[in-house]
Structure formats: C-alpha cells, structure tokens
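The structure displayed is predicted, hence computed values, not measured ones.
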Amino acid sequence: MNVPQYDVAALRRALAEDPRTAELGVHVRIRGDQLFLSGDVACEQRRAAIAEVVTEHTDGMVLHNEVHIVRADPPTEQEDLR
C-alpha cells in the first residue's frame, strides 16, 4: 500500500465486498504506518471480522480498532407517548 487515499478506498471496498463483513459503516483513516478503524457494529464477532479483513489487506501497519459495539436489544417495556 502506498497512496493513503487509494489504500483507504481499497480497504472500504474490501469491507463492503467481503461476505464476513459486508460493512459500509466503518470509517478508515491512515496516518503514516498507523491504520485507524472507527464506527459502530452490532457484535464482537463483526468487530473481529472487520479487523481480520483489514489485516489481510495491509502489510506492516499498526491497527487501531476503535470500532464500538452497539447493542440493538428489543425494548423491555412499552413506551408511553402521552
């Protein structure tokens, strides 16, 4: 990987097209040899899969996986709209 803008686009494409992730909502930033991922996902397995896919497409970069897990649990009680 050489040109950061192209590298970011290639990683976004890999995350979108890989069946393990199919992810469009992860932000990718590259600063020198540092790779930063941010965004929200539903579970730890998805977060790990994102790191795995990105690692397969990079060489020698330090990964900072700042992707957060956001639970989407169903409501536990009825909402009162009065």
Side-chain angles (χ1 to χ4, degrees):
M1 298 194 141
N2 296 322
V3 180
Q5 297 90 332
Y6 295 150
D7 295 342
V8 167
L11 290 171
R12 285 182 177 165
R13 183 175 181 167
L15 289 171
E17 293 180 352
D18 193 295
R20 294 172 289 177
T21 54
E23 187 63 58
L24 297 173
V26 173
H27 304 283
V28 180
R29 292 186 333 261
I30 296 176
R31 299 289 182 261
D33 68 342
Q34 308 288 307
L35 173 63
F36 298 88
L37 301 176
S38 61
D40 298 324
V41 294
C43 63
E44 178 59 38
Q45 292 81 4
R46 176 59 62 96
R47 184 178 187 270
I50 289 167
E52 184 177 332
V53 169
V54 167
T55 301
E56 290 172 2
H57 289 84
T58 58
D59 185 31
M61 298 190 83
V62 178
L63 175 61
H64 301 275
N65 190 349
E66 300 170 352
V67 174
H68 294 103
I69 299 168
V70 178
R71 302 273 182 224
D73 297 328
T76 56
E77 57 187 54
Q78 184 174 356
E79 182 179 12
D80 185 13
L81 299 177
R82 291 187 271 155

Working to the nearest 0.5 angstrom, can you tell me the gap between C43 SG and R71 CZ? 7.5 Å

Before accepting this row, confirm whether a basic side-chain N of the pair E56/R20 lies closer than 4.0 Å to the acidic partner's carboxylate O. yes

Would you compute the distance between atom CZ of R31 and atom CE of M61 and round it to the nearest 0.5 angstrom? 10.5 Å

I want to check something: taking the side chain as every heavy atom from C-beta on, are D40 and I69 in contact at a cut-off of under 4.5 Å? no

Within this structure, what is the CG-CG distance for the pair L35 and N65, rounded to the nearest 0.5 Å? 9.0 Å

Closest heavy-atom contact between A16 and L24? CB-CD2, 3.5 Å

When rounded to the nearest 0.5 angstrom, what distance separates NE2 in H64 from CZ in R29? 9.5 Å

Under the side chain to side chain contact (heavy atoms under 4.5 Å, CB included) rule, what do D7 and T58 come out as? Steps first, then yes or no, please. CA-CA 9 Å; D7 295 342; T58 58; over 6 Å; no

So, T21 side chain and L15 main chain: donor-acceptor pair closer than 3.5 Å or not? yes

Check the hydrophobic clustering (I, L, V, M, F, W, Y; side-chain heavy atoms under 4.5 Å; chains of links allowed) and say if L37 and V62 are grouped together. no

Determine, stepwise, if the pair V26 / V67 fulfils side chain to side chain contact (heavy atoms under 4.5 Å, CB included). CA-CA 7 Å; V26 173; V67 174; 4.3 Å; yes

What distance do I50 atom CD1 and L11 atom CG have between them, rounded to the nearest 0.5 Å? 12.0 Å

If you measure from CG on D59 to CG on D33, what distance do you get to the nearest 0.5 Å? 11.5 Å

Less than 4.5 Å apart, any side-chain heavy atom of H68 and any of V41? no

F36 with V53, same ILVMFWY side-chain cluster at under 4.5 Å: no

State plainly whether one hydrophobic cluster holds both L63 and I30, where clusters connect Ile, Leu, Val, Met, Phe, Trp and Tyr through side-chain heavy atoms under 4.5 angstrom apart. yes

